[in-house]
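So that the names make sense, note that chain A is the first sequence line, chain B the second, and so on, each numbered from 1.
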Amino acid sequence: MIERQEIKTLLQDPPVNTRVTIMGWVRAWRGNRFMVINDGSGPETLQVVVDGERFDEETIRAIGFHACVGVTGTLAESQGAGQAVEVIAEEITIFGENDLSRYPLQPKKQSMEFLRDNAQFRMRTNTFSSVFRVRHGVAYAVNKYFHDRGYYYLHTPIITGNDAEGAGEMFRVSVLDPTNPPRTADGKIDYNQDFFGKATNLTVSGQLQAEIGAMALGKVYTFGPTFRAENSNTSRHLAEFWMIEPEIAFADIENDMDLAEDFVKYLINYCLEHYAADLQFLDERIQELEKNMKATDRRPMGLIDTLRFVVENDFARITYTEALDILLQSKTYKKGKFEFDLSWGTDLQAEHERYLVEKHFQRPVIVRDYPKDIKAFYMRQNDDGKTVAAMDVLFPYIGEVIGGSQREEREDRLRQRMAEMNVHADELEWYLQLRTFGGCPHAGFGLGFERIVQFITGMGNIRDVIPFPRAPRLAQF
RNA sequence: GCCUCAGUAGCUCAGUUGGUUAGAGCGGCGGACUGUUAAUCCGUAGGUCAAAGGUUCGAGCCCUUUCUGAGGCGCCA
């Protein structure tokens with residue numbers, strides 16, 4: 001049996017002058033004497049002092065960058081300046097030598113793109129190990145938040161037979177021979193002979209099924225992988241991402257917005273409280289990165305200050321119509337500096353959202369009551385006949401983090417809207433029945449998990465906050 | 001999918017108006033070093049200049065096409 005102490009735990013209250021055993025990867029090997037170890041338990045490292053005369057040459061030679069070692073020795077107050085304590089090595093075990101003549105990583109700054117291509121090693125770096133510890137923290141906080149408030153975690157299907165959600169391109173799931181699929185009499189592919197007896201896809205949203213849960217368990221949430229086959233080439237989109245979708249009975253758009261704001265603030269607070277050292281490192285990383293940038297291109301605040309600011313201030317709340325007025329009154333608009341035109345009924349573009357969030361309000365903004373024609377069929381129609389009870393939460397740097405709505409619970413209105421938008425009611429009969437048989441006002445939203453992780457870690461590209469990103473032309477590892 | 005920029009050593013980059021044998025730092029390899037903190041010092045190897053085609057006496061540099069990447073936009077979470 002292997003026994004060891006984790007560095008994070010050891011450093012919380014260092015048991016000086018006791019024998020300890022640590023195991024981890026060598027981050028630095030200096031002067032044939034000082035070995036810096038990180039074991040992934042936290043961002044902290046522990047320095048090991050190696051007396052060359054106590055160990056054979058073979059052991060000393062095997063120590064190198066990112067080699068995997070175990071050390072037993074006495075934890076002592078450090079004689080050097082950079083650390084409080086260090087381990088005086090008595091026994092060294094080489095678990096895994098590292099052939100540096102072939103190893104791609106170096107103990108220096110490496111580009112995100114290079115590390116993305118070497119994802120089998122990138123978690124060994126300070127940046128990525130911090131990012132993925134924080135990612136875990138956010139995931140845990142999601143479950144804790146909902147559990148503590150009486151929500152039930154509902155697992156909605158990954159493979160879906162709904163072809164009617166209209167939420168963009170889907171990945172097909174099939175076991176048919178792609179070179180010679182069975183055909184129907186009129187020459188179309190006969191999905192009746194496929195595994196499920198019908199055409200199936202990977203899910204683009206668990207919302208419709210979550211509504212089933214809400215109409216019985218009251219408050220539910222989903223948290224699982226979601227797939228979009230859109231050819232999106234941006235730093236904010238993935239083909240495979242994780243989405244959190246709470247769905248609550250007896251709730252309107254106001255309840256929905258309150259939940260969204262409280263929830264996001266909770267996630268940020270949780271990380272500030274439990275991942276302070278990782279966030280501190282990520283904060284310093286960004287400052288280092290922005291050193292050579294023009295003042296106008298730098299963030300107005302550091303990472304941690306930004307996170308604190310978000311949790312300590314109310315989100316701005318406006319309607320789509322009010323947002324449009326603000327934009328039309330803006331100097332940017334009057335000087336013709338927006339690339340896209342503004343008129344009631346068209347969707348806000350990224351540049352408009354950024355103006356609202358980063359210039360006008362300088363904090364997160366919730367925009368509600370969008371024109372019905374630019375939103376999904378299931379959103380509840382407002383009394384004005386023009387808008388629906390939809391809401392988007394917009395954040396600085398990353399834009400839309402949450403999209404949600406009160407759902408249309410009136411069956412006749414829902415059927416009418418589906419007909420207008422060419423959504424096939426026959427495939428969604430089960431969904432309509434939630435209205436026919438004991439429905440109620442209800443609401444929910446979708447939070448892009450990677451987007452909030454991106455915001456909390458300050459990472460510029462969403463591909464760097466998921467361990468194995470899936471995007472157009474990218475399915476390695 | 002669209003626009004812009006880029007692709008030179010393992011990594012990050014320089015390479016002049018087109019002109020001999022392609023440069024640096026880091027990393028690697030060999031050596032020195034018992035208090036280092038991106039350790040330091042000495043030595044050394046390493047390149048199909050993304051690919052194909054073209055212009056030219058001559059192309060890393062100019063032109064065309066393709067591939068790859070980044071940033072921005074669209075689609076959205």
Starting at atom CZ of F227(A), determine the distance to atom C1' of C76(B), rounded to an integer number of angstrom.
-> 16 Å
Please check if the distance between the ring centroids of Y103(A) and H66(A) is under 6.0 Å.
-> yes
Here the distance between atom P of A70(B) and atom CG of L115(A), to the nearest Å, is 13 Å
Can you check whether any acceptor in the base of U37(B) is under 3.5 Å from a donor in the side chain of Q83(A), or vice versa?
-> yes
Would you say R354(A) reaches C73(B)'s phosphate, i.e. side-chain N/O to OP1/OP2 under 4.0 Å?
-> yes
Winner on side-chain proximity to Q79(A), out of G1(B), C73(B), G35(B), is G35(B)
Whole-Å distance between G69(B) C1' and N461(A) CG?
-> 12 Å
Classify the nucleic acid contact of L238(A) as base, sugar-phosphate or nothing, counting any heavy atom under 4.0 Å across all strands shown.
-> base
On a whole-Å scale, what distance lies between the C1' atoms belonging to C11(B) and G69(B)?
-> 16 Å
Mind checking E339(A) for me? I need base, sugar-phosphate or nothing, with any heavy atom below 4.0 Å counting as a touch.
-> nothing
R451(A), nearest nucleotide to its side chain (from U34(B), A77(B), A70(B)) = A77(B)
What about S101(A), does its side chain sit under 3.5 Å from the base of C29(B) through a donor-acceptor pair?
-> no
When both distances are under 3.5 Å in a Watson-Crick or G-U wobble arrangement, the nucleotide paired with G18(B) is none
Have a look at G446(A) and say if it touches a base, only the backbone sugar-phosphate, or nothing, with a 4.0 Å heavy-atom cut-off.
-> sugar-phosphate
Using both distances under 3.5 Å as the test, list the Watson-Crick or G-U wobble partner of A32(B), or none.
-> U40(B)
Rounded to the Å, how far apart are Q106(A) CD and G25(B) P?
-> 14 Å
Report the nucleotide, chosen from U34(B), U12(B), C75(B), that has the shortest atom-to-atom distance to any side-chain atom of S111(A).
-> U12(B)
Could you state the CD-C1' distance from E400(A) to C76(B), rounded to the nearest angstrom?
-> 6 Å
First of G460(A) and A239(A) reached from the 5' end of RNA chain B, by closest nucleotide = G460(A)
Integer angstrom distance from the P of U36(B) to that of C41(B) = 15 Å
Ring centroid separation W25(A) to F65(A) under 6.0 Å | no
Both distances under 3.5 Å, Watson-Crick or G-U wobble: report the partner of G69(B), or none.
-> C5(B)
Consider the side chain of N233(A), meaning its heavy atoms from C-beta on, and name the nucleotide among U37(B), G1(B), G30(B) that approaches it most closely.
-> G1(B)
Does any N or O donor sit under 3.5 Å from an N or O acceptor when you compare the side chain of Q47(A) with the base of U36(B)?
-> yes
Validation row, ring centre H155(A) to ring centre Y153(A) under 6.0 Å | yes
Can you tell me if the side-chain N/O atoms of R236(A) get under 4.0 Å from OP1 or OP2 in C75(B)?
-> no
Given E408(A), R407(A), Q207(A), the one that forms side-chain hydrogen bond (donor to acceptor under 3.5 Å, both in side chains) with Y378(A) = Q207(A)
Looking for any heavy atom pair under 4.0 Å, which part of the strands does E86(A) touch: base, sugar-phosphate only, or nothing?
-> base
Just checking F241(A): base, sugar-phosphate only, or nothing, at a heavy-atom cut-off of under 4.0 Å?
-> base
Does a nitrogen or oxygen in the side chain of R33(A) sit under 4.0 Å from OP1 or OP2 of A39(B)?
-> no
So which nucleotide from G28(B), U12(B), C75(B) ends up closest to the side chain of E230(A)?
-> C75(B)
At under 4.0 Å between heavy atoms, what does E351(A) touch on the DNA or RNA strands: base, sugar-phosphate, or nothing?
-> nothing
Close side-chain approach of Q381(A) and K386(A), heavy atoms under 4.5 Å | no
Does F449(A) lie flat on the base of A77(B), that is, centres under 5.5 Å apart and planes under 30° off?
-> no
Which part of the nucleic acid does F445(A) contact within heavy-atom distance under 4.0 Å: base, sugar-phosphate only, or nothing?
-> nothing
In Watson-Crick or G-U wobble terms, both distances under 3.5 Å, what is the partner of A77(B)?
-> none
Report yes or no: is there a donor-acceptor pair, N or O only, under 3.5 Å between the side chain of K108(A) and the base of C11(B)?
-> yes
Watson-Crick/G-U partner (both atom distances under 3.5 Å) of G25(B) | C11(B)
Of the listed A39(B), U34(B), A77(B), the closest approach to the R228(A) side chain comes from A77(B)
G10(B) and A45(B), which share atom name C1', separated by this distance in whole Å = 13 Å
A350(A) side chain, from C-beta outward: closest of C75(B), G35(B), G74(B) = G74(B)
With the side chain counted from C-beta on, respond yes when T332(A) and K334(A) share a heavy-atom pair under 4.5 Å apart, and no when they do not.
-> no
In Watson-Crick or G-U wobble terms, both distances under 3.5 Å, what is the partner of A45(B)?
-> none
Write down the distance between CG (N118(A)) and P (G69(B)), rounded to a whole number of angstrom.
-> 14 Å
What nucleotide, of A77(B), U34(B), C73(B), holds the atom closest to the side chain of E53(A)?
-> U34(B)
In whole angstrom, what separates N32(A)'s CG from U36(B)'s C1'?
-> 11 Å
Between F146(A) and the options Y140(A), Y221(A), Y152(A), the ring pair (Phe, Tyr, Trp, His ring centres under 6.0 Å) test singles out Y221(A)
Should C62(B) form a Watson-Crick or G-U wobble pair with both distances under 3.5 Å, which nucleotide is its partner?
-> G54(B)
Examine the side chains of Q47(A) and S78(A) and answer whether a donor and an acceptor come within less than 3.5 Å of each other.
-> no
Output yes when at least one side-chain N/O atom of S235(A) is less than 4.0 Å from OP1 or OP2 of G72(B), else no.
-> yes
Across the strands shown, which category fits R116(A) at heavy-atom distances under 4.0 angstrom: base, sugar-phosphate, nothing?
-> sugar-phosphate
Taking the side chain of I462(A) as heavy atoms from C-beta outward, which of G74(B), C73(B), A77(B) is closest to it?
-> A77(B)
Determine the contact category for R54(A): base if any of its heavy atoms lies under 4.0 Å from a base atom, sugar-phosphate if only primed atoms, P, OP1 or OP2 are that close, otherwise nothing.
-> nothing
Spacing of the C1' atoms in G7(B) and C61(B) (rounded, Å) = 14 Å
When you check the side-chain N and O atoms of E211(A) and Y431(A), is any donor under 3.5 Å from an acceptor?
-> yes
Tell me what A28(A) touches on the nucleic acid: a base, only sugar-phosphate, or nothing, going by heavy atoms under 4.0 Å.
-> sugar-phosphate
Residue mapping more 5' on RNA chain B - nearest nucleotide basis, V49(A) or P107(A) = P107(A)
